[in-house]
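The structure under discussion appears below in the form of structure tokens.
So that the names make sense, note that chain A is the first sequence line, chain B the second, and so on, each numbered from 1.
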2 protein chains.
Amino acid sequence: MIFNMKRADAATELSVLVDYLQGRDLKMTRPRQTVLEVFLGIEAHVTAEELYDAVRKVDPSIGQATVFRTVRLLEEAGLARSACRDDGARSYEHAYRHKHHDHLVCVDCGAIVEFREAEIERAQAAVYRKHGFEATGHSLELFGRCPACRRKGGTRA
Amino acid sequence: MIFNMKRADAATELSVLVDYLQGRDLKMTRPRQTVLEVFLGIEAHVTAEELYDAVRKVDPSIGQATVFRTVRLLEEAGLARSACRDDGARSYEHAYRHKHHDHLVCVDCGAIVEFREAEIERAQAAVYRKHGFEATGHSLELFGRCPACRRKGGTRA
DNA sequence: GATATATTGATAACCATTATCATTTGACGG
DNA sequence: CCGTCAAATGATAATGGTTATCAATATATC
């Protein structure tokens, strides 16, 4: 049974999750739906703990463990993509109907710019070929100082 | 005072460390030299804990905290480079007189191939320029299946 | 509805890493 | 060489993010 929906456009993501649960003896629950909806409402990279904070505001009865479990579930279902940040924390972003992209990260303010560069993708394919590897995915982060921080900070604080 | 050297070719790295310590009121110590030598003797990516295991075999009196502290020191001194692996653990590799490179990682056996691709570097520079960022570094990992595992595993276990 | 089973929330456990702190050690000046 | 003093050490406790445990609860199916 699927619970009331808050966000109309979450319908497809919800059905993706339901489909994933089907046939695995997994169940659709209110906490899972709430976590999904809150996650979909955040257009940024969040850690499980940040997501937990947001979920709590909607339903304080939902526990931290459930958020951690559910966000992993979302990743398995293809609704979220995760990456380990350089500080060791794992962050999640939307994955459903979101094209692949890489990240440009400001080392001063933490701002994240998403970009796609065909040139890079092509060159990566060449590397795979050259070494006889079968590609399964990649992670690319460019670190630097964003325009705003360059103006503010001068050479660097 | 610098202690007996075991590896003749560690001389330059040692002097880099000594130079770094100089003028910062930091001291050269036997544990630091031992950690450096053991680290230099390992031609692979190691976590601080793996390095600790190796150091212990040489000098069991050296504590874990010292290895963690020293490997960070080596990174600051430019002798090591670290990256957060996808499983969240931080791994270190040699950095002195080692050209920048990226990694091709086998998701089945964990094998790591280092590569350099001028094309990718060029394209990255273009991304920085396009967004007005000042580059400070990047991390690129290509995940895939190595030739050996492709032969063995077929489509995938 | 009743039933079987997955899920939940609270809590404890976990792991890699860092902080604390009394003791030891190295660098420097005599 | 020896004394002095700050830095470094090792043992341990603490931390932060994440996962496991487990009795109570909620869900899908009949």
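- In this structure, the side chain of A/H45 does not engage the main chain of A/H94 through any donor-acceptor pair within 3.5 Å.
- Between the CD atom of A/Q33 and the P atom of D/dT27 there is a distance of 11 Å, rounded to whole Å.
- A sub-4.0 Å separation between OP1 or OP2 of D/dA7 and a side-chain N or O of B/T29 is absent.
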**OP:** Between protein and nucleotides 10-21 of chain D, map the contacts as a letter string: B base, S sugar-phosphate only, - none, heavy atoms under 4.0 Å, written 5' to 3'.
**Re:** BB-----SBBBB

Original post:
Where do A/R32 and A/V18 land on the side-chain contact (heavy atoms from CB on, under 4.5 Å) test, with the steps shown first?
Top reply: CA-CA 10 Å; A/R32 281 179 178 162; A/V18 171; over 6 Å; no

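- We find that CZ of B/R32 is positioned 11 Å from C1' of C/dT25, with the value rounded to whole Å.
- No close placement of the A/H103 and A/F115 rings is indicated, their centers lying 6.0 Å or farther apart.
- Atom-to-atom, CD of B/Q22 to P of D/dA7 comes out at 15 Å; the value is rounded to the nearest Å.
- Helix-axis bend for the helix from C/dG1-D/dC30 to C/dG30-D/dC1: the local axis fitted to the five terminal pairs at one end deviates from that at the other end by 40°, rounded to 10°.
- Between A/D86 and B/R90 there is a salt bridge, with a side-chain nitrogen of the basic residue lying less than 4.0 Å from a carboxylate oxygen of the acidic one.
- Between the NZ atom of A/K27 and the P atom of C/dA4 there is a distance of 12 Å, given to the nearest Å.
- As a whole-Å value, the separation of A/L26 CG from D/dA28 C1' is 12 Å.
- Aromatic ring pairs are classed by plane angle as parallel below 30°, tilted from 30° to 60° and perpendicular above 60°; the pair B/H138 and B/H100 is perpendicular.
- The CD-C1' distance, from B/E50 to C/dA16, rounds to 12 Å in whole Å.
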Could you go through residues 64-72 of chain A and list every donor-acceptor pair under 3.5 Å that involves a side-chain atom there, pairing it with any protein atom two or more places apart or in another chain?
unit_1	atom_1	unit_2	atom_2	d
A/Q64	NE2	A/E49	OE2	3.2
A/T70	OG1	A/T66	O	2.6

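- Summarising the geometry of B/E50 relative to B/T47, their closest heavy-atom pair is OE1-N, 2.9 Å, with the distance given to 0.1 Å.
- Between the P atom of D/dA7 and the CG atom of B/L21 lies a distance of 13 Å, rounded to the nearest Å.
- Here the P atom of nucleotide D/dA8 and the CG atom of B/L73 are 8 Å apart, to the nearest Å.
- A/E75 and A/S82 form a side-chain donor-acceptor contact under 3.5 Å, judged by distance and modelled atom types alone.
- Ion pairing between B/E121 and B/R116 fails under the 4.0 Å rule for side-chain N and carboxylate O.
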